[in-house]
2 protein chains.
Amino acid sequence: MQIISTGNKEITIYDIARKLNISPATVSRGLNDHPAVNKETKKKIFSMAKEMGYRSNTFASNLRRQRTNTIGVIVPRLNSNFMSSVIAGMEKVANQAGYNLIISQSLETAKKEATNAQTMFNSRVDGLLVSLAYDTDNIDHFKDFLKKGIPVIFFDRVFNHKQCTGIVIDNIKAAQEVTAHLIGQGCRRIVHITGNLKRNVYADRLKGYKYALTDHNLALDPNLILETNLSVEAGVEAAEKILQMNPLPDGVFAANDACAVSCLQTLKQAGIAIPQDIAFAGFNNDPVSKVVEPNLTTVDYPGSEMGEVAAQNLINHLNGTANINNTNTIILRSELIIRESSLRHPEHI
Amino acid sequence: MQIISTGNKEITIYDIARKLNISPATVSRGLNDHPAVNKETKKKIFSMAKEMGYRSNTFASNLRRQRTNTIGVIVPRLNSNFMSSVIAGMEKVANQAGYNLIISQSLETAKKEATNAQTMFNSRVDGLLVSLAYDTDNIDHFKDFLKKGIPVIFFDRVFNHKQCTGIVIDNIKAAQEVTAHLIGQGCRRIVHITGNLKRNVYADRLKGYKYALTDHNLALDPNLILETNLSVEAGVEAAEKILQMNPLPDGVFAANDACAVSCLQTLKQAGIAIPQDIAFAGFNNDPVSKVVEPNLTTVDYPGSEMGEVAAQNLINHLNGTANINNTNTIILRSELIIRESSLRHPEHI
DNA sequence: CCTTAAATTGCAATCGATTGCATAAAATTT
DNA sequence: AAATTTTATGCAATCGATTGCAATTTAAGG
C-alpha cells in the first residue's frame, strides 16, 4: 500500500524519476510524448505522474524553451457583446492548445495601447492579437515585436502592414449592402455617421456607402457625411446637426449601433418619424439594436469566429504548422439584418 | 563611443555584471532596490540596464521565487458594461503593482468555471478573483487553491466561506430602496423577477424586496415572485405570466436590466402602459436601461471600484501588506437611479 | 556467432534570477 | 591602534524542465 503525501511540496519530474528508477530526462521526454521513449515507459510515467499529482512547472519549462505559451490580447474595450464573443473564441482555441491569454483594454487611446504593448513585451508573450484603439495612427509601439519576429495579428480594426496579418469582415461590401438597402427603401439623401477614418472599419464603411450611391446613380453630398467619435453623445450631436439640415435627409446609416441608437432616439423626440421620415441603419448587431424602438437594422458579424480564427492562425504560426507571413488578410462573412428602423415597405422584405 | 547591439540576444544580469565588473548577485539586488546595495552602484546598474535594453526574465525570476506575479480572473461573462469596468479597475491596480491578469469567462456554467479554475491552478496564479457562474452550487473546484493557501477573493457574486473574502454591494438595502420607491409611487402588487437563489446577489435582492414589503405593511404574495434565469427570453416569459395574473400587478422589480427591459417591452406590446399600469425597475444600470422607452429605473454600482478593491486587497495580501483572512466582506456603495419607468408622480421626485 | 543498425535511456549542461552565507571594506567605538 | 560594527559585495547553490550527445540495450542482417 502506498501513501501519497498531500503536503505542500510540488511534485517534480525528479520525484517521478526516483519512484520509477529512471532518469528525469526520460520522464521529461515521456511527458512530452517524445517518440524516442518506449511506450511502456511512457505509460508508467503518465500513470505515476497522475498518481502523484504532478503538474508541470511552466516557468522552468518556459525558461528553458525560451517561450511563454502566452498570447497577449489588446482590445479597445471589453464591454460589447462583440468583443466578449471574440475573447470567448480566442479562449476556446488557446486553452485547447495549452496557451494562456493575457487580456488588456486600451480604452480607445493610443497611449494606453502603447503602454499595454510594452507590458506584454516585457511579459514576453509569444504573440499578440490586437484590435486598434480609436486614435492610433501608427504602430511604432509594436515595432519591438516585429523586430524580434514576435507575430502580431490584427483583427477587426487592423493596420495595413506587410509584416502583420489582419482578420476582418468585408466592411466595404457590408456597408454597400446597408446603403443599397436604404436606397431600396426609397432613401435618396442618406446621412452617414462615421468614425475616425484612420480606422479601416470606418474608412471602409464610408467607401461602401459611397460605392452604393454610385451604383444607384446618386450624387455624393459631402455635407451628409458626419465624422464623429461614434459615442452615444456623438449620436445626439449628429441628430442636432441633422435637424438643421434643409431639406432633411431621409436616411441615416451610422457606423455603429450605439451612436445610431442615440441619434435615432434624439430625432424621434424631435418629432421625426422613423422610418417614415428618416430610415435608420447601424452596424454591429449590438443588443441595444433590439431594444430601441423601432428595432434597428444593422450588420451582424461573427465575433466568436473572428476570435477563433485569429487565435488559431497565431498558434499555428507559433507551432510552425503554418506561416502567417504568407497570409495578409483573412475575410469573414457578415450579414445584413433588416429590422423596422429601415422598413418603409414591409411587404418588400 | 559605444555601439549597442540591436541583435536578437536578450540581455541578462550577467551581461550587465560583466560590463560593470561586478557580480550578477549585486546586479540582481540593485535592480530590485535591495537596501544592501550602494546608491552609486544602483545608479550605475540602472543606467547600464537601460542603455543595454535589459528586460527581466520573468520565468527565471518566477522559477526561483516560486511565484508568478499573475492573478487569475474568472467571470461569468465579459459582455457587460459592469464587467468591463471591473476588469479595467483590476487591470489598473495590477499593472501598477507589476502583476499580470489572466482572464477567463465561465459563460455562466459551473463546469467551465471548474475547468478554468483548473487551468489557472496549473498556471500557478498567485491568487484568484472570481465572480461565480449562474449555477455554481459549491466551490469544490477552488479547494486546490485553498488547500495550498492560494487566496481566492470573490466579488459581486460571492460565496460565503470562512477562507474567502467577498466584495459586494449591499444588495438587500439596494433592493429594499428600489421596492420602497415603487411602493412610494403607489404600487401595491409588485412582481419580483429573480434569478438563481443560490447566488447571493439574487437571494439578497429578494430579501430586500421582502423587507420593504414588511416595512410598508404589505403582505407577501409568493405568486408574485418569479424565479428565472434572468435572460432576455426569461423576461418575455415573465411578461406572459404577468399577463395571466388577475388582478394584474402594478409594479415589476427585476433583478437585472436585460430581463427587465425585455419584460417591459413585451408588456408594452400587449398594451400595458408603463409606468401608469405597471411601474418598472431593474438592476445594474446597463446601457439598455437608457434606451428602452420609458427609460428604466435601476441601481447603479461601481464596477471599476469593485475591480480595484478586489485586486488591491489580493495584492496587499500577496505582498504581505495586509491579510485578507481577517476580512470577510467588503461592502461598496450603490445608488438608486430613478427614471421614467417608475415615475407615476413626476412632481414627487 | 559477429557486425551493424535501430531503439532507448542517461549524463550533464543550460535557461536567468535569487538569496543564504561568507567575506571584504569602510566606519565607529573603545 | 585594536576591536567591533556597519555597509557592500561576491560565491555558489537553487528553482525544474529541456536537449545535444554519448552510451547502452535490443533487434536485424549476414
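Note that the structure is a prediction, hence the values are computed from the model and not measured. Letters A, B, ... mirror the listed sequences (proteins, then strands); counts begin at 1.
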- Query: When you check the phosphate oxygens OP1 and OP2 of C:dA17, does a side-chain N or O of B:N32 lie under 4.0 Å from one of them?
  - Reply: no
- Message: What is the distance, to the nearest angstrom, from the CD1 atom on A:I16 to the P atom on D:dT18?
- Response: 11 Å
- Item | Protein-nucleotide distance (B:R55, atom CZ; C:dC15, atom P), rounded to Å | 17 Å
- Would you say the side chains of A:T68 and A:D126 form a donor-acceptor pair under 3.5 Å? yes
- Message: Rounding to an integer number of Å, can you tell me how far B:N57 CG sits from C:dT18 P?
- Response: 10 Å
- Task: Mind checking the CG-OG1 spacing from A:N313 to A:T327? Nearest 0.5 Å is all I need.
- Result: 6.5 Å
- Message: Quick check with a 6.0 Å cut-off and a 45 degree axis cone: is B:R55 positioned over the face of A:F121's six-membered ring?
- Response: yes
- Message: Taking 4.0 Å as the cut-off, does a side-chain nitrogen or oxygen of A:Q66 come that near to OP1 or OP2 on C:dG16?
- Response: yes
- Nucleotide C:dT19, atom C1' - distance to CG of B:L31 in whole Å: 15 Å
- Beyond-backbone contact of A:R67 with A:L318, side-chain heavy atoms, under 4.5 angstrom: yes
Detail all sub-3.5 Å separations between protein N/O atoms and N/O atoms belonging to nucleotides 9-14 of chain D.
residue: D:dT9; atom: OP1; partner: B:T41; partner atom: OG1; Å: 3.0
residue: D:dT9; atom: OP2; partner: B:N38; partner atom: N; Å: 3.0
residue: D:dT9; atom: OP2; partner: B:T41; partner atom: OG1; Å: 3.2
residue: D:dG10; atom: OP1; partner: B:S23; partner atom: N; Å: 3.3
residue: D:dG10; atom: OP2; partner: B:S23; partner atom: N; Å: 2.7
residue: D:dG10; atom: OP2; partner: B:S23; partner atom: OG; Å: 2.9
residue: D:dG10; atom: OP2; partner: B:T26; partner atom: OG1; Å: 2.6
residue: D:dG10; atom: N7; partner: B:R29; partner atom: NH2; Å: 3.0
residue: D:dG10; atom: O6; partner: B:R29; partner atom: NH2; Å: 2.8
residue: D:dT14; atom: O2; partner: B:R64; partner atom: NH1; Å: 2.8

- B:N116 (side chain) donor-acceptor with B:Q105 (main chain) under 3.5 angstrom: yes
- Note on the structure: Rounded to whole Å, the CG-P distance (A:N69 to D:dA17) equals 15 Å
- Note on the structure: Taken to the nearest whole Å, CG/B:L63 to C1'/C:dT19 is 14 Å
- Query: Hey, what do you get for CG (A:N100) to OG (A:S123), rounding to the nearest 0.5 Å?
  - Reply: 12.0 Å
- Task: Under 4.0 Å between any heavy atoms, over every strand shown, what does A:S28 touch: base, sugar-phosphate, or nothing? Just pick one.
- Result: base
- How many Å lie between CZ on A:R124 and P on C:dC15, as a whole number? 13 Å
- Using atom CG of B:D33 as one end and atom C1' of C:dA17 as the other, report the distance to the nearest whole Å. 17 Å
- For B:E113 and B:H141, does a side-chain donor sit closer than 3.5 Å to a side-chain acceptor? yes
